[in-house]
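What follows is a single structure, written as structure tokens, with notes after it.
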Amino acid sequence: MTASRVRFRSAVFAALVLAAMETFAAQGFAQASTSASRTAVRSIPTIVQKDGHFALMVDGAPYLELGVQANNSSAWPAYLDRVWPAAETLHANTVELPIYWEQLEPVQGKFDFSVVDLILKQAREHHQRLVLLWFGTWKNGSSHYTPDWIKADPGKYPFVVGKDGQTVDSPSPFAPARLEADKTAFRMLMRHLATADLQRTVIMVQVENEAGEWGGVRDYGPAAEKVFAGAVPDALVKALGKQPGTWSQVFGEDADETFMAWSIATYIEQVAAASKQEYALPLYVNAALRDPFHPGKAPNYESGAPTDNNIDLWKIAAPSISIVAPDIYMADYAKYMKVMELYKRSNNPLLIPETGNSAVFARYVFAAIGQGAIGWAPFGLDLTRYSNQTTGPEAMEQSALKPVATQYALLAPIARKLAAGNLAGKVRGTSEDPDNHTQTLDFDRWQVVLRFGMPSFGNGMTPKGNTPPDGGAVLLELGPDEYLIAGHHVRVDFKPTFAPGKKRLWMKVEEGSYDAAGNWKMARIWNGDQTDYGLNLKADENVLLRVKLTTY
Ligand code: DGJ
């Protein structure tokens, strides 16, 4: 029997075993053991939607990724021990790590899964879930992670050709050999995970990284030119409600960019679709963004990428991709909120797989959860000293880890509750806006009033805002007049919108925590100074509050 037939047969066998296991899992017979001898059987992570709200289901229940992405070159065996301690210090529940094509397939057709296996093993030992990032054909618009045998043969694996006839440091999507090779490599990775990860340590996979072209708008190589001169595919014309024609006729001045987006998205769809036959994990692509208010035109931003103007196109071209996700490195409040608004759609769950890691970004975890995000992950917070100067967990007080660690410590124990609450539409949250120190969040019966920059005592004064603006809060409705509050550096109060003319009365404000089984353990009741002016959540001590309200 040939090697490929053996592989095929073992894949079929594994699929049958998995199917049987899935049935058991669905019946609730899954064992949560992680011992090597009795591998746990868990349901395959998936994304569900209910009444326009989304959840990433992990082990059969909604999961909120409080993630961290390692630096680009940190996923090597010698460096992994600089990743896990950072994740632990951060109280992250998920680590995002690249899988490098150049490592996985150093010789064409010979796959080395040793690093994948080590990552799986170490993630489990460190009680982390994984999001794997396939650094395949595209990494930040270039192709630097392709194996040497691809780099050495640009005739077979061509670069983009610019308008001036010069090659651009970007892989051409019109490269059948590269597409086939990427499809095979990614498929082999997913085939491997299907059997090597029955524990479902890997919960999502990113296909490529910030695909697109920097420095030009489209490929002008001979193969691309031929396709560009032809008709826009029917599927795209129909889905967008356009009249048929050539790219220039249908899209006018946006033809070049739209053509590039379609070419890249359909390439990635083929990579993704092939892998789904092996293992149907949720797949997503990430986007280098354009300015949401003043985008200009490509090449001001990465052309052909899943930028906000091309989300619809990517959804049409790449149905095997569940999420088009923004990498948000814009610190500005209005821009951050606008980007989330643009990417949160009825057909696109909000996921922020990369965001800034400095103190100003930490507060955005509250707004992201408030917008229903299924995951949020600052980039580069490991101990390799590339994106931050942290040398070890002992340096936490001075390090870039601290602001995120502070928020994750508060949110990690309630992450599953927030994810379930988001699926039910019961979560609201926001982050401090430096230009507007009072914000409101609306639930059915109550309006939450958040004031940033208030003293511990006194009513009636105008909020000044915090310096820096580091506040935020997320609230989960537990019942009609009952809320769980997790927040930072903000005063929280409520107004009864169901009872005009009435005022809020605290029935009970409990500070506490959830035990491992999810039961609330009250530590004390807040009253007197702690409630007379609203609920002052401090900058230096995050607390969980459970609040029951009534009116007078
Ligand atoms: C966005 C990319 O997706 C990451 O891999 C990394 O290069 C960061 N930019 C660096 O800021």
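In listed order, ligands and their atoms are each counted from 1. Just so you know, these numbers use all the heavy atoms, side chains as well, and skip hydrogens, waters and symmetry mates.
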Within the heavy-atom cut-off of under 4.0 Å, ligand 1 is lined by Asn72, Lys139, Asn140, Asn209, Glu210, Asn286, Asp327, Tyr329, Glu354, Phe379

Test applied, salt bridge (charged side-chain N to carboxylate O under 4.0 Å, His left out); reference residue, Asp308; option that passes from Arg290, Lys344, Arg345
Arg290

Should the pair Phe228 and Phe259 be assigned to parallel (<30°), tilted (30 to 60°) or perpendicular (>60°) ring geometry?
perpendicular

From the options Asp256, Asp291, Asp254, select the one residue that forms a salt bridge (charged side-chain N to carboxylate O under 4.0 Å, His left out) with Lys297.
Asp254

Tell me whether Gln69 contacts the main-chain N or O of Phe379 through its side chain, where contact means a donor paired with an acceptor under 3.5 Å.
no

How many angstroms lie between atom CG of Leu179 and atom CD of Gln270, to the nearest 0.5 angstrom?
4.5 Å

A cation-pi test, strictly: NZ or CZ of Arg218 under 6.0 Å from the centre of the six-membered ring of Tyr220 and no more than 45 degrees from its axis. Yes or no?
yes

